Amino acid sequence: GAGVSQSPSNKVTEKGKDVELRCDPISGHTALYWYRQSLGQGLEFLIYFQGNSAPDKSGLPSDRFSAERTGGSVSTLTIQRTQQEDSAVYLCASSFLAVTDTQYFGPGTRLTVL
Amino acid sequence: GENVEQHPSTLSVQEGDSAVIKCTYSDSASNYFPWYKQELGKGPQLIIDIRSNVGEKKDQRIAVTLNKTAKHFSLHITETQPEDSAVYFCAAKDSGNTPLVFGKGTRLSVIA
């Protein structure tokens with residue numbers, strides 16, 4: 001079946017511009033997660049959506065970062081006024097229910113801020 | 001909050017040898033410990049996981065062990081093959097609505 005998809009696969013932008021990254025979770029999965037992976041580093045949690053509950057935004061590094069999830073499915077991560085330190089791979093994952101814990105990852109979006 | 005340490009950061013083994021990657025965690029409430037494999041240019045893929053009600057789990061050439069008293073868990077890969085070369089991540093979480101906390105990864109190279 002279809003896995004988690006993300007678009008675009010690569011994004012190059014200029015410092016100060018806004019970017020939107022999209023995630024399509026596995027159909028029927030109620031939980032959706034965004035992570036950031038900097039070069040050679042582990043996965044840094046950003047934000048988590050579970051059903052209709054308020055999202056857990058505790059990992060967002062600054063108020064330039066925001067995310068929404070429309071209709072309990074597709075999610076968009078927005079980075080405003082991008083900085084060079086925002087350059088990283090942004091990974092999305094989904095799980096059927098949060099308590100089952102098994103997260104399935106998409107291929108990621110590689111963001112490069114010039 | 002939870003903190004996960006992973007060692008080593010890089011590991012090179014000869015094809016056919018075993019590889020062991022170790023992780024420690026800090027939060028005694030954590031009870032779910034997955035391992036992910038990430039190949040170049042791809043997202044992490046779950047390869048095995050263990051929950052705190054068991055001490056060991058095996059799946060063909062891959063096994064994970066868990067010591068809750070010492071708060072550490074390990075990934076064991078036997079009879080390594082070149083296609084095992086990748087970055088491996090351990091992670092931990094509790095049963096609540098909390099995110100996975102990942103280690104920094106181990107780059108495994110299997111030399112033919």
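All chains are named by letter (A, B, ...) in the order of the sequence lines, taking the proteins before the strands, and each is independently numbered beginning at 1. None of the values given here were measured: they were computed from a predicted structure.
- Shown here are the salt bridge (charged side-chain N to carboxylate O under 4.0 Å, His left out) partners of A:D56, two or more places apart in sequence or in another chain: there are none.
- Interface residue A:L43: backbone and side-chain heavy atoms are both found under 4.5 Å from chain B.
- For B:R61, the salt bridge (charged side-chain N to carboxylate O under 4.0 Å, His left out) partners two or more places apart in sequence, or in a different chain, are B:D84.
- Near-neighbour residues of residues 104-114 of chain A relative to chain B, defined by a heavy atom under 4.5 Å from a heavy atom of that chain, comprise A:F105, A:G106, A:P107.
- For A:Q37, the part lying under 4.5 angstrom from a heavy atom of chain B is the side chain only.
- Shown here are the side chain to side chain contact (heavy atoms under 4.5 Å, CB included) partners of B:H7, two or more places apart in sequence or in another chain: B:E5.
- Under the 4.5 Å side-chain contact rule for hydrophobic residues, B:I50 and B:Y25 share a cluster.
- A:L32 and A:L21 fall within the same hydrophobic cluster, defined by Ile, Leu, Val, Met, Phe, Trp and Tyr side-chain heavy atoms under 4.5 Å apart, directly or through other members.
- Contacts of B:Q38 with chain A are made by side-chain atoms alone, with heavy-atom separations under 4.5 Å and no backbone atom involved.
- Considering all non-hydrogen atoms of both residues, A:A93 and A:Y35 come closest at CB-CE1, 4.4 Å.
- By the criterion of side-chain heavy atoms lying less than 4.5 angstrom apart, applied directly or through intervening Ile, Leu, Val, Met, Phe, Trp or Tyr residues, A:W34 is not grouped with B:L46; the two fall into different hydrophobic clusters.
- In this structure, the side chains of B:T10 and B:S109 stay at 4.5 Å or more apart for every pair of heavy atoms.
- Listed options B:P99, B:A91, B:G105 were ranked by heavy-atom pairs under 4.5 angstrom with chain A; first place goes to B:P99.
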